[in-house]
Amino acid sequence: MSADQPADMLDGDRDGARNVVVGDVDGVLVQARVIEGDVTIKVPERKAVVPRQLPVAVRDFIGRQAELDALTAMLDEAAVTGMVVVSAVEGSAGIGKTTLAIYWAHRARDRFPDGQLYANLFGFDPAGEPLDPAVVVRGFLDAFEVPPSRIPANLDAQAALYRSLVAGRRMLVVLDNCRDSGQVRPLLPGGTSCMVIVTSRSRLDGLVAREGARRLVLGLLTLEEARALLAARIGEERVAAEPEETDALIELCARLPLALSIAAARAAANAPVTLAGLVAELRDRRARLEEFDLGEVEVNLQAVFSWSYLALTPEASRLFRLIGLHPGPDIGAPAAAALGGASLRETRALLKQLVNAHLLEELEPGRYQFHDLLRAYARDRVSAEESRPDSERAVARMLDFYLHSAVAADRQLYPHREPIVLSPHDERVDPRQFRDYDEAMAWLTTEYPCLLAAADHAAEEELDRYTWQLSWSLATFMDRQVHWHDWIAITEKAIVAARRLNDRAGEARLRYNLGHAYAQRERNAEAYDQIEQALAVFQELGDQVCEAHAFHSMSWMLARQGRYAEGLVKGRQALEIHQTCRNRFGEAEALNTVGWLHGLVGDHEQNLTCCKAALTVLEGLGQRHSVAFTLDHIGDAYRNLGKAAEAMKYHRGAVELFHEVGMAFEEATAVAHLGDAAFAADDHAAALAAWQRGRTIFVQLERSEATTLAEKISAIQGTDS
């Protein structure tokens, strides 16, 4: 329209016709065509708006193929079922939720021809409150170019209009960084043709339960994915040039995508700096998180973690930072309760908050962990927000829990072991109690890494009473489960702790344990020396029962060295003292060993007599591992007396019991004896099978007996061929 045309005229007169503007609909001009007095109203068709709101995708996206495939599968399923799909992409801070969602959205955009809507809901943002759903709905209506005059005043009506606009359209809606299910519920389309991806640091249980959302939880990158990310950011050449440093950097970054990206950006910006140099900077635990900062809040790891932390209740945030004091790789709910000084019920509710916030991961019901960078952040919070005395009391409660629980478990494994005296535990601590052997063994197996870490932590901090008593309480388990290297290492530390306390009785108990540990590693001279030192202290203190145990240990150590006569003398000394003390269990064990030694010097009838007498007592006491030893020794006697079939019966019983109680070395020994009895019975197939089984176990345990059995196997195979 030219400047001199009337304002209401769109076209000049042609053939007596005129087009004039008579109004507008939603901002679009409505024309009337006038021809010789006849008026025709023309309402133009409104062109459909196709929003394209996705942010730019990361250029070098790495890994997450399983998660990408899962999102595509959800979309494919929706195409078949005709149902709207809501995917809740969840995970901890810095795990890459937004990056994944946007990358997949760009890959799949052709399947959403009617557009893609995107909104950052600022659910966890230090700058302010989470975005009101009304603001988001209004933004979506603006994206569809809905005139202000048509937008209702209240949220429900606006949401209804939004749902009407997307109904029947094939659209993708990405709702990023939401706080909770309530924030996104008004933003969900009502039709069956859309897909919604919601990302959050929280577990969106409400969205899963009510709207049937599909949960997709992101974990840490694999080692291969982490290497690929670094290579994409800093170049294949640098990664290939420093492979060990690359793996160390990945470990220090805990395979967390944001941390890896920050480290890669630092490395890329300082090309002369080697990866080794960067690793050295990050190894300093005190400054570790400070190094993950590129000067902007979105690429400052401490800031990113803080957004989740600050959203917690005060009680949950306190528990989170106290768990940072826990030295183990994971933590059970009862140990967490001890740290916090709260009831188990209260603690479980707080742990649920932390899991919902993805500040903890629940590995299995009741067991939790976080990655090393979150652990470092928790420790930073402890330093900033907890007084030193409060932190020390929390650690003491944790150690009380582990110590008193471990001693209770040990009583189930070895009820006739001479006990130690424990100090009372904190009244807010509720140690575990165990109904039977199997329950105690299961708990020790699960908690072993944490128990060992607790003992090591106590040693590092010179919490000497906890160090030596935790070491003592774990000795039975470590022996039976063949943790011999650990047993030696922690017992040597525990002896140092007992000496600092000037606890002579404790030191003697520990030297006794160390002697056994050395013996299992075939360090025979050192083993015997430790037992001799322990014996001297037991005699000095007048502890006759422990003195007898020391003589007993010396007897079988001498026997293992082929010094049978000397061993028999020590065994008889042990037996006499136990008889004097009326210690029925000690007497039966010593009698069993004396019988075995009689057999080793050729008196097999006396072997049988002593061991059968010992068996009667031990079976009555219910000490399975001692019964197993005795059955094996009776089998030896019968084999040497020419009764191979009877021997095999007793050896099988020993093998079964040793297997039940989890004593691998002793099981292998009994299996080898079973093979000897089978060979004596001319059952070469059974002998070969037993020796092969025993040799396999001995090889795994790095024991010299494997060589002896290999020779027997070779001989029998040569004979049978």
Side-chain angles (χ1 to χ4, degrees), residues 48-55 67 70-91 97-98 100-102 104-105 108-109 111-124 129-144 146 150-217 356:
V49 176
V50 180
R52 304 288 188 188
Q53 295 189 331
L54 292 177
E67 291 83 358
L71 288 170
T72 301
M74 293 177 196
L75 179 57
D76 292 340
E77 181 183 349
V80 174
T81 61
M83 297 178 64
V84 65
V85 171
V86 180
S87 174
V89 180
E90 303 171 6
K97 302 175 292 295
T98 299
L100 172 76
I102 293 174
W104 181 88
R109 64 181 178 272
R111 299 185 63 174
F112 302 103
D114 296 321
Q116 304 93 38
L117 296 171
Y118 171 86
N120 183 348
L121 304 183
F122 296 101
F124 298 87
E129 294 296 317
L131 204 59
D132 191 315
V135 176
V136 182
V137 169
R138 179 60 186 264
F140 285 169
L141 295 177
D142 289 342
F144 284 110
V146 177
R150 284 191 57 203
I151 297 178
N154 66 72
L155 173 60
D156 290 342
Q158 289 176 5
L161 176 58
Y162 156 65
R163 288 192 292 271
S164 298
L165 287 170
V166 300
R169 300 192 189 198
R170 287 186 293 164
M171 298 191 70
L172 174 66
V173 182
V174 180
L175 303 174
D176 191 21
N177 193 20
C178 88
R179 182 63 168 263
D180 53 36
S181 300
Q183 191 184 17
V184 299
R185 194 163 278 122
L187 309 176
L188 300 179
T192 60
S193 58
C194 294
M195 181 169 180
V196 182
I197 298 179
V198 183
T199 75
S200 181
R201 299 182 181 197
S202 299
R203 283 175 57 91
L204 301 176
D205 291 331
L207 208 61
V208 172
R210 286 184 50 182
E211 280 73 29
R214 305 292 184 84
R215 175 174 281 132
L216 185 63
V217 180
N356 287 345

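Nothing here was measured: the structure is a model prediction, and the numbers come from that model. Keep in mind that the numbers below use all heavy atoms, side chains included, and drop hydrogens, waters and symmetry copies.
- Between Arg169 and Pro189, every side-chain heavy-atom pair lies at or beyond the 4.5 Å cut-off.
- Side-chain contact between Leu75 and Trp104: present, with at least one pair of heavy atoms (C-beta onward) separated by less than 4.5 Å.
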| message | Could you go through Gln116 and Val174, starting from their C-alpha distance and side-chain angles, then the distance that decides it, and tell me whether this counts as side-chain contact (heavy atoms from CB on, under 4.5 Å)? | response | CA-CA 8 Å; Gln116 304 93 38; Val174 180; over 6 Å; no
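- Between Ser202 and Asp180, the closest side-chain pair of non-hydrogen atoms is not below 4.5 Å.
- Using a 4.5 Å heavy-atom cutoff, the side chains of Phe112 and Leu54 are not in contact.
- For the atom pair OH (Tyr118) and CG (Asp176), the distance works out to 3.5 Å, reported to the nearest 0.5 Å.
- Under a 3.5 Å cut-off, the side chain of Asp114 and the backbone N or O of Arg170 do form a donor-acceptor pair.
- In this structure, Arg215 pairs ionically with Asp205, as a charged nitrogen and a carboxylate oxygen lie closer than 4.0 Å.
- With contacts defined as side-chain heavy-atom distances shorter than 4.5 Å, the pair Tyr162/Val136 does not qualify.
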| query | Would Val196 and Val184 satisfy side-chain contact (heavy atoms from CB on, under 4.5 Å), going step by step from the backbone distance to the final call? | reply | CA-CA 10 Å; Val196 182; Val184 299; over 6 Å; no
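- In this structure the side chain of Asp76 reaches within 4.5 angstrom of the side chain of Arg111, judged on heavy atoms.
- For the atom pair Arg179 CZ and Arg201 CZ, the distance stands at 10.0 Å (nearest 0.5 Å).
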| field | Intermediate values then yes/no, side-chain contact (heavy atoms from CB on, under 4.5 Å), Gln158 and Ile151 | value | CA-CA 6 Å; Gln158 289 176 5; Ile151 297 178; 3.9 Å; yes
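- Looking only at side-chain heavy atoms (C-beta outward), Phe140 and Val173 come within less than 4.5 Å of each other.
- Between Ile197 and Leu172, some side-chain heavy-atom pair lies under the 4.5 Å cut-off.
- Here SG of Cys194 is found 12.0 Å from CZ of Arg163. Values are rounded to the nearest 0.5 Å.
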| request: May I have the step-by-step check of side-chain contact (heavy atoms from CB on, under 4.5 Å) for Leu187 and Leu117, ending in yes or no? | output: CA-CA 11 Å; Leu187 309 176; Leu117 296 171; over 6 Å; no
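- Closest approach of Gln183 and Pro133 over heavy atoms only: O-CG, 3.4 Å.
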